[in-house]
Peer 1: 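Okay, here's the structure, questions in a sec.
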Amino acid sequence: QVQLVESGGGLVQPGGSLRLSCAASGSIFSINAMGWYRQAPGKERELVATITSGGSTNYADSVKGRFTIPRDNAKKTAFLQMNSLKPEDSAVYYCNAGVRTVWNRSPSDYWGQGTQVTVSS
């Protein structure tokens, strides 16, 4: 079994910064890509950023230049550094990872429980 635990959400003023963390644990053999998605009320879940095990990144156009997605492979942890936050960044942010377990070497998608980010003055 694999768990993804997110932390770091909260309330921040426009222009401020937050750093989200996503720690993977369990019977993990290896982790492929990790990513962050977000879902605002009444909207579909959307991709924010992804990073491969080799460090290649991909960002939604709406966050390019403001967000980065560092990753610590040794700690099985991905981060989302969010700068210059805007009210439209408010959403529940979910961590995602493609994981091979020690029991099943075919990769499967896992999701965290989500963490709320609210950008408001």
Side-chain angles (χ1 to χ4, degrees):
Q1 192 168 354
V2 174
Q3 299 83 36
L4 300 180
V5 178
E6 300 122 333
S7 60
L11 173 64
V12 64
Q13 291 187 343
S17 297
L18 278 177
R19 185 177 176 92
L20 306 182
S21 298
C22 171
S25 63
S27 303
I28 297 171
F29 176 75
S30 66
I31 303 176
N32 295 343
M34 299 184 77
W36 291 93
Y37 293 73
R38 67 187 181 187
Q39 187 167 19
K43 294 187 177 182
E44 293 186 353
R45 189 173 296 190
E46 63 176 0
L47 170 71
V48 177
T50 60
I51 183 168
T52 67
S53 57
S56 297
T57 58
N58 180 52
Y59 296 94
D61 288 343
S62 59
V63 306
K64 282 181 181 177
R66 300 188 299 123
F67 292 10
T68 58
I69 183 170
R71 174 174 173 170
D72 186 331
N73 288 332
K75 295 183 178 179
K76 300 183 179 65
T77 299
F79 306 90
L80 186 67
Q81 178 65 45
M82 304 184 292
N83 300 326
S84 303
L85 282 161
K86 305 175 182 180
E88 51 263 43
D89 293 318
S90 298
V92 178
Y93 283 71
Y94 296 91
C95 177
N96 169 267
V99 178
R100 290 185 172 90
T101 69
V102 297
W103 313 113
N104 184 358
R105 301 298 172 88
S106 296
S108 297
D109 260 356
Y110 291 87
W111 292 89
Q113 79 286 356
T115 185
Q116 177 71 47
V117 171
T118 303
V119 184
S120 175
S121 54

Peer 1: Write down the atom of Gln113, the atom of Val5, and the distance for their closest heavy-atom approach.
Peer 2: OE1-CA, 4.0 Å
Peer 1: Please lay out, stage by stage, how Leu11 and Ser120 fare under the test side chain to side chain contact (heavy atoms under 4.5 Å, CB included).
Peer 2: CA-CA 7 Å; Leu11 173 64; Ser120 175; 4.2 Å; yes
Peer 1: So which heavy atom on Leu18 is nearest to which on Leu85, and how close?
Peer 2: N-CD1, 3.8 Å
Peer 1: In sequence, state the C-alpha distance, the side-chain angles, and the governing distance for Asn73 and Arg71, and then conclude on side chain to side chain contact (heavy atoms under 4.5 Å, CB included).
Peer 2: CA-CA 6 Å; Asn73 288 332; Arg71 174 174 173 170; 2.6 Å; yes
Peer 1: What do the steps show when you test Tyr94 against Leu4 for side chain to side chain contact (heavy atoms under 4.5 Å, CB included), and what is the final call?
Peer 2: CA-CA 9 Å; Tyr94 296 91; Leu4 300 180; over 6 Å; no
Peer 1: Could you give the distance from CD (Gln1) to CH2 (Trp103), rounded to the nearest 0.5 Å?
Peer 2: 12.5 Å
Peer 1: Considering non-hydrogen atoms only, spot the tightest contact between Met82 and Leu20 and give its length.
Peer 2: CE-CG, 3.8 Å
Peer 1: Give the minimum heavy-atom separation between Leu80 and Val48, together with the two atoms involved.
Peer 2: CD2-CG1, 4.2 Å
Peer 1: If you round to the nearest 0.5 Å, how far is CG of Asp109 from CG of Asn96?
Peer 2: 4.5 Å
Peer 1: What are the two closest heavy atoms between Gln81 and Ser17, and how far apart are they?
Peer 2: NE2-CB, 4.1 Å
Peer 1: To check you understand the geometry: which heavy-atom pair defines the closest contact between Gly114 and Glu6, and what is its length?
Peer 2: N-OE1, 2.6 Å
Peer 1: Spell out, yes or no, whether Val117 and Phe79 are grouped together once hydrophobic residues are joined by side-chain heavy atoms under 4.5 Å, including indirect joins.
Peer 2: no
Peer 1: Counting only heavy atoms from other residues, nucleotides and ligands, does the tally under 6.0 Å from CD of Glu44 exceed 12?
Peer 2: no
Peer 1: Going by an N to O cut-off under 4.0 Å, is there a salt bridge joining Asp89 and Lys86?
Peer 2: no
Peer 1: State, yes or no, whether a side-chain contact exists between Arg38 and Ser62 at a heavy-atom distance under 4.5 Å.
Peer 2: yes
Peer 1: Suppose the criterion is ring-ring contact (aromatic ring centres under 6.0 Å, His included): which pairs have a residue in residues 23-53, not counting sequence neighbours?
Peer 2: Tyr37-Trp111
Peer 1: Hydrophobic cluster membership, with links at side-chain heavy-atom distances under 4.5 Å among I/L/V/M/F/W/Y: are Tyr93 and Tyr59 in one?
Peer 2: yes
Peer 1: Return the CD1 to OG1 distance between Ile31 and Thr77, rounded to the nearest 0.5 Å.
Peer 2: 8.0 Å
Peer 1: Would you say the side chain of Val2 lies within less than 4.5 Å of the side chain of Ile28, judging by non-hydrogen atoms?
Peer 2: yes
Peer 1: How long is the straight-line distance from NZ of Lys76 back to OG of Ser30, given to the nearest 0.5 Å?
Peer 2: 10.0 Å
Peer 1: Do Gln3 and Ser25 get their side chains close enough for a donor-acceptor pair, meaning under 3.5 Å?
Peer 2: yes
Peer 1: Please tell me whether Asn32 and Ser53 have a donor and an acceptor in their side chains that are separated by less than 3.5 angstrom.
Peer 2: no
